[in-house]
Structure formats: C-alpha cells, structure tokens
Amino acid sequence: MAEGAPVVRRLRGSTFGAIGMGRIGTAASRRAAVFDMKVIYFDPLHADGHELGLGYERVRSLDELMERSDVVSLHAPLSHATRNILDRAAFAKAKQDAIVINIARGGLTDLDALHDAMKTGRIAAAGLDVFPEEPLVNPPELARAWRNREPWLEERLAISPHAAFYSEAGYHDIHRLSAEVVMDYLLRGHLRNNVNPGWRAGQR
C-alpha cells in the first residue's frame, strides 16, 4: 500500500443496521444487500414474523443493533418515542468506528451527542440529509465544525440540506407524483399520502 493512501472500507461482509423497516428502510436495505452487506433491523412496530417475508434478521433491541452494525441507517418516523433515538447512550453502545446515516427526520439524532461520539472516535463518519431545524439558522456544533473545516472532521461528515434526492429524474418524479395525487383525489375522491388524516375538503 502506498504511503499516505486512504484506507477504503470494504462493504462486503459488513453489517447494515436499519432502524425502521417501512418502505424506505426496506428499499435502503435492498441496496445494501446488493453489496453483500448483512442486513439487520430494529422495528418494534411490525408484528412477529415480519422478518420472514424480508429475509433479513430482526433484532429485538436498539442496543443489539448498535453493537452489531457497521452502518446504522435511520428510517423511522419522528414521534415522542423516537425523538433523539440516537443519543449518548445509543452511541456508547455503537460498534467502534460505525457510520451513521440519517435521511429520515432530523429529530431522530441528538447532534451534540453525535458530535462528541465522532470527536472521540466512537463514530467514524456520518451522513446527514436532515436536521432538527431547517434551514440551519442556529447551526449545532457539529455543523459549525464542518463549516469551519476543523481538521478532526476532515472527510468524515457529509451534509445535504434535505435535498440528497435531487437529480433531474428525481425532480421529474416530484412533478409527476404530485399531479397523480391531485388527479386521484379529483377523479376518485381518494387522497393518498395525506399527512393530516383528519382533514377533509372545505375544513380549515
């Protein structure tokens, strides 16, 4: 190996741990499996036997997932139960040099705890597409360190302003899917992907 050359981590044989195994968690896990990563997941909301239809190993606790995962990927909704699910206690259980990815909701990760876990070397790297506050009017310490290019964080943090999906094809999909939802409601009265399930036309 050439002196000073970066060491690339092999994906094959490493463990991808998904927190939440809904549509997006399943899609992300399928992609990880293509690279011969072992997929495990934690999702207490699914009924027993859910794992049988997926072919992935289901773990029964967040601690076990953190202890075993080389990559921890968040795919859970934000709720009282999941807010800061990755906190100091979770990072303390993490496998040494794990990678954390959050493309779900910013409030799932305690960013101060992640900052400390990365600075001490417990967490090797992170990829964040979401933040508790968007846009970042008052950036957390981790974002400030990234912006200031602090040496300890060099090449260890990828940040996107909730736009990692962006591509020409993705932009086309946004327009197409939005039009389909509107047409489905106007023609058939069926409202898909409604984030306010109690809402009805004419109500305020």
Side-chain angles (χ1 to χ4, degrees), residues 1-2 4-46 49-78 82 85-86 90-106 108-109 111 113-114 117-118 120-131 142 146 152-174 177:
M1 180 182 296
V7 177
V8 179
R9 183 180 300 191
R10 173 183 283 180
L11 295 177
R12 187 180 71 193
S14 61
T15 299
F16 180 88
I19 300 175
M21 192 57 80
R23 293 174 301 163
I24 298 175
T26 301
S29 296
R30 287 176 55 199
R31 287 158 175 76
V34 166
F35 290 98
D36 288 332
M37 299 181 77
K38 177 180 176 59
V39 175
I40 64 176
Y41 74 98
F42 171 65
D43 192 328
L45 299 182
H46 287 297
H50 178 260
E51 66 278 6
L52 300 178
L54 292 173
Y56 302 141
E57 181 183 351
R58 185 179 188 178
V59 298
R60 297 297 173 181
S61 71
L62 178 62
D63 283 354
E64 183 180 355
L65 182 135
M66 298 301 291
E67 290 168 356
R68 295 176 54 188
S69 298
D70 297 291
V71 177
V72 177
S73 190
L74 285 156
H75 305 284
L78 181 61
T82 61
I85 191 171
L86 290 189
F91 291 131
K93 292 285 186 179
K95 190 172 184 178
Q96 189 71 39
D97 288 335
I99 296 170
V100 171
I101 300 171
N102 188 1
I103 57 171
R105 294 291 180 264
L108 298 174
T109 305
L111 293 182
L114 178 58
M118 293 184 70
T120 59
R122 166 61 67 176
I123 298 299
L128 305 174
D129 184 46
V130 287
F131 291 87
L142 182 62
W146 175 84
W152 67 270
L153 199 55
E154 186 79 22
E155 298 185 357
R156 296 175 60 200
L157 179 63
I159 288 179
S160 173
H162 210 155
F165 74 95
Y166 188 83
S167 65
E168 184 176 350
Y171 198 61
H172 174 76
D173 284 346
I174 289 175
L177 293 171

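Heavy-atom basis, side chains included; hydrogens, waters and symmetry copies ignored.
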*Please walk me through it: do M118 and F91 pass side-chain contact (heavy atoms from CB on, under 4.5 Å)?*
CA-CA 9 Å; M118 293 184 70; F91 291 131; over 6 Å; no
*Got L114 and L86 here, is their nearest side-chain heavy-atom distance under 4.5 Å?*
no
*Got a salt bridge between R60 and E64, using NZ or NE/NH1/NH2 to carboxylate O under 4.0 Å?*
no
*asked:* Do M37 and V71 have side chains that approach each other closer than 4.5 Å (heavy atoms only, starting at C-beta)?
replied: yes
*R10 CZ to D70 CG distance, which is reported to the nearest 0.5 Å*: 13.0 Å
*Taking only residues two or more places apart in sequence, or in another chain, which ones meet D97 in a salt bridge (Lys or Arg N to Asp or Glu O under 4.0 Å)?*
none
_For L153 versus W146, what's the shortest heavy-atom pair and its separation?_
CD2-N, 3.6 Å
*Heavy-atom check, side chain of E51 versus side chain of Y41, under 4.5 Å*: yes
_Please find the pair of heavy atoms, one from G17 and one from S69, that lie closest to each other, and give the distance._
CA-OG, 3.3 Å
*Can you find a heavy atom in the side chain of K95 that is under 4.5 Å from one in the side chain of V72?*
no
*Heavy-atom pair with the smallest gap, counting every atom of G22 and H46*: N-NE2, 4.3 Å
*State, yes or no, whether a side-chain contact exists between I103 and H75 at a heavy-atom distance under 4.5 Å.*
yes
*Inspect the surroundings of CD in E168 and state if more than 12 heavy atoms from other residues, nucleotides or ligands are less than 6.0 Å away.*
no
*Hey, does V130 have a side-chain heavy atom less than 4.5 Å from the side chain of L74?*
no
*Roughly how far, to the nearest 0.5 Å, is the CG atom of L128 from the CG atom of L111?*
6.5 Å
*Set of residues satisfying salt bridge (Lys or Arg N to Asp or Glu O under 4.0 Å) with respect to D129, sequence neighbours excluded*: none
*With F16, which residues qualify under ring pair (Phe, Tyr, Trp, His ring centres under 6.0 Å), at least two apart?*
none
*Which heavy-atom pair separates P77 from T82 by the least distance, and what is that distance?*
O-OG1, 2.7 Å
